Protein chains: 2
Amino acid sequence: MDLKRSDLLQGTLDLLILKTIEHRPLHGYAMAQRILETSREVLAVQQGSLYPALHRLERKGFIQAEWREAESKRMAKFYSLTPSGRTQLAEEMDQWQRYARAIQWVLQAEGAAS
Amino acid sequence: MDLKRSDLLQGTLDLLILKTIEHRPLHGYAMAQRILETSREVLAVQQGSLYPALHRLERKGFIQAEWREAESKRMAKFYSLTPSGRTQLAEEMDQWQRYARAIQWVLQAEGAAS
DNA sequence: ACTGATATGTAGAAGAACAAGGTATGGACC
DNA sequence: GGTCCATACCTTGTTCTTCTACATATCAGT
């Protein structure tokens, strides 16, 4: 019952979103599917996390939206990276590598001297 | 001004603490130093994060405290892993590896088909 | 007597993610 | 025509973690 209730590492959602639309615009629903796929079913982004995050990123100017017709023939909001979003993506990738490496170091540290 | 104000990846602090006392008891202050060292100055655990985390972990039964004299000749609270804490550590290490790998997969995913 | 490193702690605020709910459209099937 | 499901968007309220900033005390050295 005291199980982890978090599907995501807090702080990585923005990075995942930005990365997912790096090469082409996508709508929210498709992003979640794509992240689930590329993470091999590990990272399940909830809609209640996704949409607020998209609005946050848009407000900060990192992504911009445009209504277009999706493959399904339904209207959907396609988000694409802005130039500032591209910069942000690069920074967040750096940060992630930095933290992940640092944590790895701690996990591999020797038991220490007596 | 919109800089990341987080020194840590949310959700990893417990893991770092548990790992740091895996082989010998330590007091809080020393844990923070040790994490800073082993992470090569990357992970700076704030005192306002550390002590509440220790109390949380103790309340959950993962660690236990004992007052002892530190090298400095001052009294300090030494925390050690309980059996249940050892199990928890193993689980959190698994989780971390799982997530880190998954995120790496997303970051390395191909730009996708047309 | 003062300073700096050691050592523990709390209060308040911010922020992210989650659970759970709601709305609506298009296609397929009966 | 009616029903169902996958698609697609969104919000509200809650929980949890961490941060900033502060408060306190001891010990060693000057």
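Lettering of chains follows the sequences in order, A, B, ..., and the numbering in each one begins at 1. This one's a predicted model, so the numbers in the text were calculated from it and none came from an experiment.
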Find every protein N or O atom lying less than 3.5 Å from an N or O atom of nucleotides 27-30 of chain D, and list the pairs.
none

| query | Considering only heavy atoms from C-beta outward, does the side chain of A:Thr87 approach that of A:Glu91 to under 4.5 Å? | reply | yes

| query | For A:Val45 and A:Met31, what are the C-alpha separation, side-chain angles and deciding distance, and is it a side-chain contact (heavy atoms from CB on, under 4.5 Å)? | reply | CA-CA 9 Å; A:Val45 179; A:Met31 290 181 211; over 6 Å; no

Among [options], the one nearest [X] by side-chain distance:
X	options	result
A:Ala70	D:dA8, C:dG15, C:dA19	D:dA8
A:Gln33	D:dC19, D:dA8, C:dG15	D:dA8
A:Gln46	D:dC9, C:dC18, D:dT18	C:dC18

Between N or O atoms, less than 3.5 Å apart, protein on one side and nucleotides 10-13 of chain D on the other: list the pairs.
| unit_1 | atom_1 | unit_2 | atom_2 | d |
| --- | --- | --- | --- | --- |
| D:dC10 | OP1 | A:Lys77 | NZ | 2.7 |
| D:dC10 | OP2 | A:His55 | NE2 | 3.3 |
| D:dC10 | N4 | A:Gln47 | OE1 | 3.4 |

Length of the [atom1]-[atom2] vector between [X] and [N], whole Å:
X	N	atom1	atom2	answer
A:Glu92	C:dA16	CD	P	11 Å
B:Leu50	D:dT20	CG	C1'	15 Å
B:Leu13	D:dC19	CG	C1'	12 Å
B:Glu69	D:dA25	CD	C1'	16 Å
B:Leu9	C:dG15	CG	P	18 Å
A:Glu71	D:dA8	CD	C1'	14 Å
A:His27	C:dT25	NE2	C1'	13 Å
A:Leu16	C:dA16	CG	P	15 Å

| message | Just to verify, what does A:Tyr29 make a ring pair (Phe, Tyr, Trp, His ring centres under 6.0 Å) with, not counting sequence neighbours? | response | none

| remark: Members sharing A:Trp67's hydrophobic cluster, built from side-chain contacts under 4.5 Å between Ile, Leu, Val, Met, Phe, Trp and Tyr, are A:Met75

| task | Walk me through it: do B:Leu43 and B:Leu36 pass the test side-chain contact (heavy atoms from CB on, under 4.5 Å)? | result | CA-CA 5 Å; B:Leu43 304 174; B:Leu36 190 60; 5.9 Å; no

| task | Report the residue (A:Ala53 or B:Phe78) whose heavy-atom-nearest nucleotide on DNA chain C is the more 5′ of the two. | result | B:Phe78

| said: Going by the rule side-chain contact (heavy atoms from CB on, under 4.5 Å), which residues pair with A:Gln104 if we only count those two or more places apart in sequence or in a different chain? | reply: A:Leu107, A:Gln108, B:Trp96, B:Gln97

All N/O donor-acceptor pairs, side-chain side in residues 50-58 of chain B, below 3.5 Å, sequence neighbours left out:
| unit_1 | atom_1 | unit_2 | atom_2 | d |
| --- | --- | --- | --- | --- |
| B:His55 | ND1 | B:Tyr51 | O | 3.3 |
| B:Arg56 | NH2 | B:Asp14 | OD1 | 3.2 |

| query | For C:dG15, does either OP1 or OP2 sit under 4.0 Å from a side-chain N or O belonging to A:Arg56? | reply | no

